[in-house]
Amino acid sequence: MKKKAVIALGGNALVKKGQRGTIYEQFANTRKSVKSIVKMIKEGWDVVVTHGNGPQVGAILLQNKVAKGLTPAMPLGICVAESEGLIGYMIQQCLSNALKKEHIEKPVIALITQIIVDQNDPSLSNPTKPIGPYYDDDEAIELRKEGFQVVQQPNGWRMVVPSPDPKYIVEGESIKKMLDEGIIVIASGGGGMPVIEREDGGLDGLEAVIDKDLAAERLAEAVEAELLLILTDVERVYLYYNTPKQKTLDKISLEELKKYYEEGHFPPGSMGPKILAAIQFLESGGKKVIVANIEKCWEALQGETGTWIVKD
Ligand code: ADP
Ligand code: MG
């Protein structure tokens, strides 16, 4: 029986804190990030890779903002697709170069992914996710006139968009087939493109973003993975995070984790969606979730670091 894993790369896989995010920095980081993926593939894992896109889509939105007098600005959904393409290309090339060095002949394919959301999702009428560049007061008024929602933050105004719950991945069946054929797939990057199903069965894009961890979970369900590996910038999941009472979780059962989730240990927008993804994955048949630092992915898989979340 082949072992299947979905690997979710956090923002720090591509842009480190304090970096400007030049393409050279991003490629250098990506080359490092794919090393442990190559190790997993060598060990016989079939993998689907997914990733965040916060800094990249922020940069694309800023480029659109600055250049809008020269060339038409693209809507958010298109910017998400652009970021999925650019990041997918980097991972695709870095991973396939690294595999070739190890004489592993496996195709690596990045796929633009659409994810169905419910058109009655409450977040669609109540956008709360801040994205993209900061705007001054005048620009914020302009944006409001153009129909965008903006909120004031300490450094200026930001656009807020809905972040609906992903239901299922349109290309899920195809991704599973590719995986079963031995193809390494990069999919649902940046959470994928949120779409709704029209009455005629067609799809329409939305001005929204999907959380990448929740999308990773749907991906893991779609390909029937046994492992969901969530790689980020902390070594482990903690209770009472960043307080004197902080407590490390190294191995935890689903039941216990649910209790801590309900107690509010994991904030929305960072650890919250990772834990929710873990709960949903194990409840829908997944075997194991590991949350670990991206630099220590391999060690985490051996049980030396990271937080292991299992059914019981
Ligand atoms: P990613 O790009 O990997 O999704 P996020 O910033 O969204 O990164 O999530 C990781 C962050 O979650 C960590 O840097 C950490 O500061 C934060 N975090 C919040 N609560 C916890 C917790 N209970 N345990 C560990 N990390 C936490
Ligand atoms: Mg995140």
Side-chain angles (χ1 to χ4, degrees), residues 6-19 21 25-26 29-30 32-34 36-37 49-59 80 83-84 87 90-91 115 123 128-132 160-161 163-166 186 188-192 194 208-220 228-252 256-281 289-297 300 305-309:
V6 166
I7 306 174
L9 302 175
N12 67 322
L14 302 146
V15 182
K16 304 279 176 204
K17 276 196 184 110
Q19 289 185 332
E25 289 168 344
Q26 295 198 49
N29 295 329
T30 308
K32 271 196 207 145
S33 299
V34 299
S36 37
I37 302 179
V49 181
T50 186
H51 56 84
N53 71 341
Q56 292 84 1
V57 79
V80 173
S83 73
E84 195 178 2
I87 300 168
M90 284 196 294
I91 300 175
I115 306 191
S123 98
T128 52
K129 166 114 184 130
I131 53 147
V160 281
V161 297
S163 188
D165 193 27
I186 302 153
S188 104
V209 293
I210 296 178
D211 181 87
K212 76 111 181 19
D213 296 309
L214 298 181
E217 192 279 323
R218 293 297 187 209
L219 190 57
L228 174 59
L229 187 51
I230 302 179
L231 299 175
T232 182
D233 58 357
V234 281
E235 287 245 359
R236 286 187 162 102
V237 181
Y238 307 93
L239 299 180
Y240 308 101
Y241 179 60
N242 257 344
T243 72
K245 276 168 74 185
Q246 179 169 306
K247 183 173 172 278
T248 304
L249 296 177
D250 46 22
K251 191 165 183 190
I252 184 166
E256 254 188 299
L257 188 71
K258 277 168 81 171
K259 190 180 88 187
Y260 293 133
Y261 182 77
E262 274 147 32
E263 284 175 14
H265 287 273
F266 315 116
S270 61
M271 193 48 72
K274 298 184 202 314
I275 300 302
L276 189 57
I279 293 171
Q280 286 179 357
F281 181 59
V289 179
I290 304 175
V291 180
N293 185 291
I294 191 133
E295 315 266 337
K296 299 199 177 153
C297 161
T305 177
T307 296
W308 280 44
I309 308 160

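Counting starts at 1 for both ligands and their atoms, following the listed order.
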Give me the residue, atom name and distance of the protein heavy atom closest to [atom].
{"atom": "atom 12 (O) of ligand 1", "value": "Ser270 CB, 3.4 Å"}
{"atom": "atom 26 (N) of ligand 1", "value": "Met271 CE, 3.4 Å"}
{"atom": "atom 8 (O) of ligand 1", "value": "Thr232 OG1, 3.5 Å"}
{"atom": "atom 24 (N) of ligand 1", "value": "Tyr238 N, 3.1 Å"}

Legend entry - Those residues that, when tested against Asn53, pass side chain to side chain donor-acceptor pair (under 3.5 Å) (two or more places apart):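 Partners of Asn53 by the side chain to side chain donor-acceptor pair (under 3.5 Å) criterion, ordered by chain and then number, come out as Ser83.
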Quick check on contacts: which atoms of ligand 1 are under 4.0 angstrom from a heavy atom of [X]?
{"X": "His265", "value": "23 (N)"}
{"X": "Lys212", "value": "1 (P), 4 (O)"}
{"X": "Gly11", "value": "1 (P), 2 (O), 3 (O)"}
{"X": "Phe266", "value": "23 (N)"}
{"X": "Arg236", "value": "25 (C)"}
{"X": "Asp233", "value": "10 (C), 11 (C), 13 (C), 14 (O)"}

Legend entry - Any Gly269 heavy atom less than 4.0 Å to ligand 1: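 Gly269: in contact with ligand 1 (<4.0 Å).
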Legend entry - Test item, Pro267 contacting ligand 1 (heavy atom, 4.0 angstrom):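 Judged by the 4.0 Å heavy-atom criterion, Pro267 does count as contacting ligand 1.
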State, yes or no, whether a side-chain contact exists between [X] and [Y] at a heavy-atom distance under 4.5 Å.
{"X": "Thr50", "Y": "Ile7", "value": "no"}
{"X": "Leu276", "Y": "Phe266", "value": "no"}
{"X": "Leu257", "Y": "Ile279", "value": "yes"}

Legend entry - ligand 1 to Lys274 polar contact by distance, N or O atoms, under 3.5 Å: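 Yes; at least one N/O pair falls below 3.5 Å.
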Inset, instruction - Check whether any N or O atom of Tyr241, backbone or side chain, sits under 3.5 Å from an N or O atom of ligand 1, and answer yes or no. - result: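 Right, the criterion is met.
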Show the atom names and distances, to 0.1 Å, of all donor-acceptor pairs under 3.5 Å that link a side chain in residues 231-243 to residues at least two apart or in another chain.
{"residue": "Asp233", "atom": "OD2", "partner": "Lys17", "partner atom": "NZ", "Å": "3.3"}
{"residue": "Glu235", "atom": "OE1", "partner": "Thr305", "partner atom": "OG1", "Å": "2.8"}
{"residue": "Glu235", "atom": "OE2", "partner": "Lys296", "partner atom": "NZ", "Å": "2.5"}
{"residue": "Arg236", "atom": "NE", "partner": "Gly306", "partner atom": "O", "Å": "3.1"}
{"residue": "Thr243", "atom": "OG1", "partner": "Tyr240", "partner atom": "O", "Å": "2.7"}
{"residue": "Thr243", "atom": "OG1", "partner": "Lys245", "partner atom": "N", "Å": "3.2"}

Legend entry - Minimum-distance pair of heavy atoms, taken over all atoms of Ser33 and Ser36: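 So the minimum-distance heavy-atom pair works out to O-OG, 3.9 Å.
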Inset, instruction - Grab the two heavy atoms, one from Ile210 and one from Ala215, that are nearest each other, plus how far apart they are. - result: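 So the minimum-distance heavy-atom pair works out to CG2-CB, 4.1 Å.
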Inset, instruction - Give the C-alpha distance, both sets of side-chain angles, the deciding distance and a yes or no for salt bridge (charged side-chain N to carboxylate O under 4.0 Å, His left out) between Glu295 and Lys16. - result: CA-CA 12 Å; Glu295 315 266 337; Lys16 304 279 176 204; 3.4 Å; yes
Legend entry - Polar side chain donor-acceptor pair, Gln56 to Gln26, under 3.5 angstrom: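 Their side chains do contain a donor-acceptor pair, which is all the 3.5 Å distance test asks for.
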